[in-house]
Engineer: 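There's a structure below that I have some questions on.
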Amino acid sequence: MFAALSEKHEHKKVLPDLEGAENGVVMRFAPNPSGPLHIGHARAAALNDAYVKQYGGRYNLRIEDTDPKRVDPEAYEMVIEDLKWLGLGITDTVTQSDRLHLYYEICSQLIGRGGAYVCTCDNEQFRELKNKKIACPCRAQSVETNFELWDKMLTHGFKEGEASVRIKTDLNNPDPAMRDFPAFRILDAPAHPKVIAHVYPLMNFSVVADDHLLGVTHVIRGKDHIANTRRQRYIYDHFGWKVPVYRHYGRMGIEGVVLSTSQMRLGINDGTYTGWDDIRLGTLRALARRGISPEAVRNAMLAIGIGDTDISFSWDNLYAENRKIVDPVANRYFFVHDPVTAQIEGMQPHTAHAMLHPGDAARGTRTLEFTGTVLIPKSEISPDVTMLRLKDLFNVKISWNGSIPSFTYAGDSLADARVAKAHIVQWLPAQDTIACTILTPEGEIAGACEPAVRSELGKVIQFERVGFVKIDAVKDSGVVAYYTHK
RNA sequence: GCUGCUAUAGUGUAGUCCGGCCAAUCAUGCGGGCCUUUCACGCCCGCGACUGGGGUUCGAAUCCCCAUAGCAGCACCA
């Protein structure tokens, strides 16, 4: 009977089967080290991870840094940190700039097979020919000539733009993007931060080389790569290599945060954003700072799945996942927004106890000393309010002399408060509070909270009736909290 | 424009391959209620969708065609 009940709760979202995965998989996550990871990356990272966990196998992290223009030296570490935070089962890590020699070697093999040629055409000129489905003169060169030119490329006999390696495809392919696409180019500047080189593979080449070398069996990536998959197939065909199974998921629209690396960098440099973890950004570190748990991110991404339709990312759904994780563990505290001092007549000082968590008495209580004067939220006091219940304390009667309220003890009975439909409000002993600022995407909420909140630095707590927040900083002047969600 | 892909409630998702068991699943959201010294959590009830039009068929969310819409790619970026 209980088994049946609990089964219902163990309903896990199962991803669709991958063809040919029965005996395990080798997958990869292949980011560009141009900045920290954001929610968009999380989808690819989490989906591939989930399949590796589902079928067993290896999970490669492959840093794709073959374009020195798009490499931020600091990003290598940020990517690793972000992935570690996300909690993925990465088993192997490779960096493409360490492997240039492998790509050169494979390129030589491909030239030897007649599958690629060195093209010395002007870029514009080639494009024109390509669009007319006409082979450029270089295409007909002998293998020997190609080897000579390739050697000249590697020994820096060509300057940037003077030569490239192209893959022989099908000039009659209806999609011009498929026709003899480039595989290597020469770049004289900027210098690569990790390696001295001037001949760099293009993504479509290095990806195939690495997927083959690493034994990648399944690839899950965004549909912006569909055309690349088609291009890459030509290389597999030239070698007769086994092609991985691909899945291309649809575009994910994400609103409300900045995702563009260049825009983020600009904003950080000009002081618009405080850093890569500014909560207005969509980076994983920003989510972490706001109190979103990595597990929630993963769950949200798995719920979205690998469908090929375009979707809009729902913050509500992410928040719901996060709430499931955070609600059972977050301690509860009082936060008084826009505090008003109220002197309460008719009651002796005494100590109030409030539970740290309503569902877990074992966690204990906080103590609040009532000495006569309390802070209550301004919004709870208006001339039509004549009674309030201070949570875990007692009832208060409010008498109005014009617009001046006065407060009197009105008994301990919770039942009375219920009958009077009195709001149950947060309060703080006036003599024992600290300032608290809650930062939300919409702005700051200033108020006060219990001093004990200081001990929750770095943790997510719940301010009762306000929402979950993460304590970001504890200073002499008070605490700073980031609003997580309701 | 060219080359492709897709179209289920506000959002995400299951079902589509192999047509009937789908007056369409689950989650989230929203509304109402119960519980509760939180407007949280939990529980209960409700709201809400097969893009449109043709066709095939006894029967279509599911197959075919057309239309419409959206998206991706069309770089010596990844």
Side-chain angles (χ1 to χ4, degrees), chain A residues 8 11 13-14 16 30-34 63-71 96 119 121-123 126-127 130-131 160-166 173-179 181-187 199-204 206-207 221-231 248 250-253 299-305 307-321 323-324 326-328 330 332-335 352-355 357-360 389-395 412-415 417-418 422-426 462-468 485-486:
Chain A
K8 195 185 173 188
H11 258 301
K13 160 81 190 169
V14 178
N32 212 34
S34 56
I63 311 274
E64 304 208 332
D65 58 345
T66 54
D67 181 4
K69 292 189 189 73
R70 294 182 44 144
V71 172
Q96 290 192 316
C119 176
C121 294
D122 171 76
N123 209 4
F126 180 86
R127 192 199 314 260
K130 176 185 76 176
N131 287 338
E160 185 166 329
E162 288 180 350
S164 60
V165 175
R166 295 190 172 279
N173 191 304
D175 184 354
M178 295 299 128
R179 300 174 196 156
F181 61 87
F184 283 85
R185 83 316 202 168
I186 294 169
L187 247 37
V199 176
Y200 292 95
L202 274 318
M203 172 266 200
N204 280 309
S206 49
V207 160
R221 47 174 12 176
K223 74 181 189 183
D224 46 322
H225 284 294
I226 288 176
N228 289 322
T229 299
R230 281 200 283 268
R231 279 189 273 235
H248 297 100
R251 190 193 127 89
M252 182 165 77
N299 289 346
M301 292 306 157
L302 298 194
I304 288 168
D308 36 20
T309 52
D310 305 321
I311 59 148
S312 50
F313 173 78
S314 161
W315 290 98
D316 272 343
N317 289 353
L318 207 218
Y319 294 158
E321 293 292 349
R323 196 153 31 231
K324 285 178 201 162
V326 119
D327 183 80
R332 270 55 171 172
Y333 293 97
F334 289 159
F335 170 84
H353 297 275
M355 288 204 284
H357 193 288
D360 186 4
R389 167 77 180 185
L390 302 184
K391 189 166 183 285
D392 301 306
L393 193 61
F394 49 60
N395 304 333
D412 293 335
S413 165
L414 182 60
R418 287 255 159 80
H423 281 181
I424 298 171
V425 305
Q426 276 47 239
Q462 189 200 45
F463 281 138
E464 296 190 32
R465 301 173 80 231
V466 174
F468 294 93
H485 48 66
K486 187 109 197 106

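Numbers restart at 1 for each chain; the letters A, B, ... are given by sequence-line order, proteins then strands.
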Engineer: Whole angstrom is fine here: how far is it from NE2 in A/His485 over to C1' in B/U28?
Structural biologist: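 These atoms are roughly 13 Å apart.
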Engineer: May I ask you to verify if any side-chain N or O of A/Arg418 is less than 4.0 angstrom from the OP1 or OP2 atom of B/U37?
Structural biologist: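 Answer yes for this pair, as a side-chain N or O of A/Arg418 is under 4.0 Å from OP1 or OP2.
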Engineer: Answer yes or no: does a side-chain N or O of A/Arg251 lie under 4.0 Å from OP1 or OP2 of B/A72?
Structural biologist: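 Yes, such a contact exists.
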Engineer: Which part of the nucleic acid, if any, lies within reach of A/His225 when heavy atoms closer than 4.0 Å are counted: base, sugar-phosphate only, or nothing?
Structural biologist: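 Result for A/His225 = base.
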Engineer: With a 3.5 angstrom cut-off on both distances, give the Watson-Crick or G-U wobble partner of B/A27, or none if there isn't one.
Structural biologist: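 Answer to the pairing question: B/U11, which forms a Watson-Crick or G-U pair with B/A27.
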Engineer: OP1 or OP2 of B/C5 sitting under 4.0 Å from any side-chain N/O of A/Thr309?
Structural biologist: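 So the side-chain polar atoms of A/Thr309 never come under 4.0 Å of the phosphate oxygens OP1 or OP2 of B/C5.
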Engineer: For a 4.5 angstrom cut-off between non-hydrogen side-chain atoms, does A/Arg465 reach A/Val425?
Structural biologist: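 Answer yes - side chains close enough.
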Engineer: Less than 4.0 angstrom between a side-chain N/O of A/Thr66 and OP1 or OP2 of B/A78, yes or no?
Structural biologist: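 Affirmative; the distance criterion is met.
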Engineer: Taking only the C1' atom of each, what is the distance from B/U56 to B/C65 in whole angstrom?
Structural biologist: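 Their C1' atoms lie roughly 11 Å apart.
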Engineer: If pairing requires Watson-Crick or G-U wobble contacts with both distances under 3.5 Å, which nucleotide is the partner of B/C50?
Structural biologist: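 In the structure as shown, B/C50 has no Watson-Crick or wobble partner.
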Engineer: From B/A72, B/A27, B/U38, pick the nucleotide closest to the side chain of A/Pro358?
Structural biologist: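 Among the listed nucleotides, the one closest to the side chain of A/Pro358 is B/U38.
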Engineer: Which of the following nucleotides, B/U28, B/A75, B/C74, is nearest to the side chain of A/Pro176?
Structural biologist: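 Nearest to the side-chain atoms of A/Pro176, counting from C-beta on, is B/C74.
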Engineer: Under a 3.5 Å limit for both distances, which nucleotide forms a Watson-Crick or G-U wobble pair with B/C21, could you say?
Structural biologist: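 Per the H-bond distance test, none.
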Engineer: Rounded to whole angstrom, note down the P distance from B/U16 over to B/C64.
Structural biologist: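 Rounded to whole Å, the distance is 14 Å.
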Engineer: Please state the C1' separation for the pair B/U51 and B/U57 - nearest whole angstrom.
Structural biologist: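 It works out to 23 Å between them.
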Engineer: Using purine N1 to pyrimidine N3 plus N6-O4 or O6-N4 for Watson-Crick, or N1-O2 and O6-N3 for G-U wobble, both under 3.5 Å, which nucleotide pairs with B/G73?
Structural biologist: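 Because both required distances fall under 3.5 Å, B/G73 counts as paired with B/C2.
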Engineer: Think A/Arg127 has a side-chain N or O under 4.0 angstrom from the OP1 or OP2 of B/A75?
Structural biologist: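 Yes.
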Engineer: Is any side-chain nitrogen or oxygen of A/Arg323 closer than 4.0 Å to OP1 or OP2 of B/G29?
Structural biologist: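 Yes, because at least one side-chain N or O of A/Arg323 sits under 4.0 Å from OP1 or OP2 of B/G29.
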Engineer: Using a cut-off of strictly less than 4.0 Å, decide whether A/Arg185 has a side-chain nitrogen or oxygen near OP1 or OP2 of B/C77.
Structural biologist: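 For B/C77, OP1/OP2 do have a side-chain N/O of A/Arg185 under 4.0 Å.
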Engineer: Please measure how far the P atom in B/A72 lies from the corresponding atom in B/G10, and state the result in whole Å.
Structural biologist: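 Each nucleotide's P atom is 23 Å from the other's.
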Engineer: Does the distance from a Lys or Arg side-chain N to an Asp or Glu carboxylate O, for A/Arg185 and A/Asp67, drop under 4.0 Å?
Structural biologist: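 Salt bridge between A/Arg185 and A/Asp67, a charged N being under 4.0 Å from a carboxylate O: yes.
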Engineer: When you get a sec, tell me which of B/C76, B/C77, B/U11 is the closest nucleotide to the side chain of A/Asn317?
Structural biologist: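 For A/Asn317, the side-chain atoms sit closest to B/U11.
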Engineer: Taking atom C1' in both B/A49 and B/C41, compute the distance separating them and give it to the nearest angstrom.
Structural biologist: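 Roughly 30 Å separates the two C1' atoms.
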Engineer: Which nucleotide, B/U13, B/A27, B/C76, lies nearest any side-chain atom of A/Ile311?
Structural biologist: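 Looking only at heavy atoms from C-beta outward on A/Ile311, the closest nucleotide is B/U13.
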Engineer: Could you tell me which nucleotide pairs with B/G42 by Watson-Crick or G-U wobble geometry, both distances under 3.5 Å, or answer none if nothing does?
Structural biologist: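 Across all strands, the one nucleotide that pairs with B/G42 is B/C34.
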Engineer: Test your reading of the model: is there a side-chain donor-acceptor pair from A/Arg389 to the backbone of A/Ala422, 3.5 Å cut-off?
Structural biologist: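 Side chain of A/Arg389 to backbone of A/Ala422: no pair is present.
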Engineer: Look at the aromatic rings of A/Trp315 and A/Tyr319 and report parallel, tilted or perpendicular, splitting at 30° and 60°.
Structural biologist: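 Because their plane-to-plane angle lies in the 30° to 60° range, the rings of A/Trp315 and A/Tyr319 count as tilted.
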Engineer: Could you state the CG-P distance from A/Asn299 to B/U28, rounded to the nearest angstrom?
Structural biologist: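 After rounding, the reported distance stands at 12 Å.
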Engineer: Determine the Euclidean distance between corresponding C1' atoms of B/G15 and B/C22; express it in Å to zero decimal places.
Structural biologist: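 Nearest-Å result for B/C22 against B/G15 at atom C1': 8 Å.
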Engineer: Say you pick atom P in B/C76 and the same atom in B/G53; how far apart are they, in whole Å?
Structural biologist: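 Here B/C76 and B/G53 have their P atoms 45 Å from each other.
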Engineer: Judged by each residue's nearest nucleotide on RNA chain B, which is more toward the 5′ side, A/Pro201 or A/Arg231?
Structural biologist: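 Here A/Arg231 is the residue nearer the 5' end.
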Engineer: Is a donor-acceptor contact shorter than 3.5 angstrom present between the side chain of A/Gln462 and the base of B/U38?
Structural biologist: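 Side chain to base: pair found, below 3.5 Å.
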Engineer: On RNA chain B, compare the nucleotides closest to A/Gly307 and A/Lys130; which residue's is nearer the 5' end?
Structural biologist: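 It is A/Gly307, whose closest nucleotide lies nearer the 5' terminus.
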Engineer: Please measure how far the P atom in B/U6 lies from the corresponding atom in B/G54, and state the result in whole Å.
Structural biologist: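 B/U6 and B/G54 have their P atoms separated by 24 Å.
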Engineer: Do the charged groups of A/Asp122 and A/Arg127 touch, with an N to O distance under 4.0 Å?
Structural biologist: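 No.
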